[in-house]
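Okay, so here's the structure we're looking at.
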Amino acid sequence: MTELIVAFDMGSGRDALLLAARLPQLRWAKLGPVLYVREGPALIREFAQRGVRVFLDLKWHDIPNTVAGAVTAARDLGVSMATVHCLGGRAMLGAAASAAGPDLALVGVTVLTSHDAAELESILGRGVPDVGFEAERLARAALQVGLRGIVASGHEVGFLREVLGPTPWIVVPGIRGPGDPAGDQVRTIEPAEAVRRGATHLVVGRPITEARDPAAAYQRLVEALD
Ligand code: C5P
């Protein structure tokens with residue numbers, strides 16, 4: 001069954017925990033750099049103690065030894081899923097996968113959604129005729145060295161599921177119901193459609209965190225996944 005991950009992108013750990021307490025069936029919480037830099041490991045421990053799995057989305061990209069050390073620290077803290085950049089290269093990804101062990105699922109960010117073909121060309125110093133092909137190439141390299149899965153937008157998930165087969169996790173952010181404001185998201189997808197196209201995990205932030213009734217919004221999404 002597809003898992004629902006709530007992105008806690010608020011300004012304080014206190015607000016995050018207050019909201020979490022209003023979502024009684026909460027299984028996964030995504031913590032990103034803003035809240036992590038502010039609150040540190042204590043917030044991860046707090047979520048873990050409440051039986052909520054933590055997805056630590058810090059998108060690591062550094063030399064292999066440093067990333068492996070960060071992954072080990074996350075594993076020791078009880079983090080259940082974390083992100084690394086596939087552009088960090090095979091050695092870095094392999095070191096990260098070895099450090100993660102069986103309890104921490106590592107997923108790779110292939111091409112940032114803020115990057116279009118022109119931006120990617122300027123980074124790589126070569127032509128990029130097809131961003132989807134670059135995402136596939138990076139995903140394959142990450143999976144070959146032992147990552148559990150990848151992060152993909154709703155527009156790529158169907159294609160990537162087709163080419164990568166049934167096993168890898170595909171974590172999809174940018175989820176919006178029919179009435180939800182897109183906010184700054186460009187490549188949005190409805191929850192049931194993301195599941196149909198092969199997503200294993202949906203990341204939902206503002207449609208829950210900024211809803212008038214977050215618990216009801218969360219419940220509607222859980223039902224859409226059923
Ligand atoms: O509020 P919203 O549902 O748009 O939140 C989506 C979450 O997923 C945010 O935490 C955002 O940082 C994250 N994300 C994303 N696009 C990516 C990778 C992560 O929106 N490509």
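Model, not experiment: these values are computed from the prediction.
- Considering CD of Glu39 and CZ of Arg45, their distance stands at 13.0 Å, rounded to 0.5 Å.
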(request) Could you check Leu87 against Val109 for side chain to side chain contact (heavy atoms under 4.5 Å, CB included), going step by step and ending with a plain yes or no? (result) CA-CA 8 Å; Leu87 282 168; Val109 176; over 6 Å; no

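- Of all the heavy atoms in Ala95 and Ala68, the pair that sits closest is O-CB, 3.9 Å.
- Checked against Val203 for a side-chain contact (heavy atoms from CB on, under 4.5 Å), the options Val6, Asp57, Val151, Val171 give a single hit: Val171.
- With a 4.5 Å cut-off on side-chain heavy atoms, Leu23 and Pro214 count as touching.
- Within a 6.0 Å radius of CD in Glu119, more than 12 heavy atoms belonging to other residues, nucleotides or ligands are found.
- Here the side chains of Ile5 and Met81 are in contact, with some heavy-atom distance below 4.5 Å.
- Counting only heavy atoms from C-beta outward, the side chains of Val71 and Val67 approach each other to under 4.5 Å.
- Here the shortest heavy-atom pairing between Trp169 and Thr200 reads CA-OG1, 3.3 Å.
- To the nearest 0.5 Å, the span separating OG1 on Thr83 from CG on Leu106 amounts to 8.5 Å.
- Hydrophobic clustering, with ILVMFWY side chains joined whenever heavy atoms are under 4.5 angstrom apart, groups Leu147 together with Trp60.
- When the side-chain hydrogen bond (donor to acceptor under 3.5 Å, both in side chains) test is applied to Glu3, the partners found at least two apart in sequence or on another chain are Arg27, Trp28.
- Residues Arg22 and Tyr218 are not in side-chain contact: their nearest non-hydrogen atoms beyond the backbone lie 4.5 Å or more apart.
- Put simply, OG1 on Thr188 and NE2 on His155 are 6.0 Å apart, with the number rounded to the nearest 0.5 Å.
- Partner of Arg206 under the salt bridge (charged side-chain N to carboxylate O under 4.0 Å, His left out) criterion, chosen from Asp9, Asp184, Asp180: Asp184.
- Hydrophobic clustering, with ILVMFWY side chains joined whenever heavy atoms are under 4.5 angstrom apart, groups Leu31 together with Val204.
- By the neighbour-count criterion of 12 heavy atoms within 6.0 Å, atom CZ of Arg14 is sparsely surrounded, having that number or fewer from other residues, nucleotides or ligands.
- Taking CG from Leu56 and CD1 from Ile44, the interatomic distance works out to 4.5 Å, rounded to the nearest 0.5 Å.
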(request) Report the C-alpha separation of Val222 and Gln25 in whole Å, then their side-chain angles, then the decisive distance to 0.1 Å, and conclude whether the side chain to side chain contact (heavy atoms under 4.5 Å, CB included) test is met. (result) CA-CA 9 Å; Val222 170; Gln25 311 295 324; 5.7 Å; no

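- Contact annotation: the side chain of Phe55 never approaches that of His201 to less than 4.5 Å [non-hydrogen atoms, C-beta and beyond].
- Not one N or O on the side chain of Arg75 forms a donor-acceptor pair closer than 3.5 Å with the backbone of Val79.
- Counting heavy atoms of neighbouring residues, nucleotides and ligands inside a 6.0 Å radius, atom CZ of Arg38 does not exceed 12 of them.
- No chain of hydrophobic side-chain contacts below 4.5 Å, direct or via other Ile, Leu, Val, Met, Phe, Trp or Tyr residues, connects Tyr36 to Val107.
- A donor-acceptor pair is defined here as one N or O able to donate and one able to accept, closer than 3.5 Å; no such pair exists between the side chain of Arg50 and the backbone of Ala21.
- Here the closest non-hydrogen pair linking Ile123 and His115 is CD1-CE1, 3.6 Å.
- At a threshold of 4.0 Å, the pair Glu223-Arg220 does not count as salt-bridged, since none of the basic side-chain nitrogens sits closer than that to a carboxylate oxygen.
- A donor-acceptor pair is defined here as one N or O able to donate and one able to accept, closer than 3.5 Å; such a pair exists between the side chain of Glu156 and the backbone of Ser153.
- We find the CD-CZ distance between Glu136 and Phe133 to be 6.5 Å, quoted to the nearest 0.5 Å.
- Remark: Leu202 CG to Glu190 CD distance equals 12.0 Å, nearest 0.5 Å.
- Cluster annotation: Ile189 and Val195 are assigned to the same hydrophobic cluster (Ile/Leu/Val/Met/Phe/Trp/Tyr, side-chain heavy-atom contacts under 4.5 Å, transitive).
- Residues Gly198 and Ile170 share a closest heavy-atom pair of O-CB, 4.2 Å.
- Connection of Leu143 to Val163 is established within a shared hydrophobic cluster, with ILVMFWY side chains joined at heavy-atom distances below 4.5 Å, either directly or through further cluster members.
- The heavy-atom pair separating Gly149 from Pro168 by the smallest distance is CA-CB, 4.3 Å.
- In plain terms, the two heavy atoms of Ala139 and Ile150 that are nearest each other are CB-CG2, 3.8 Å.
- Side-chain atoms of Arg176 come within 3.5 Å of backbone N or O of Pro181 as a donor-acceptor pair.
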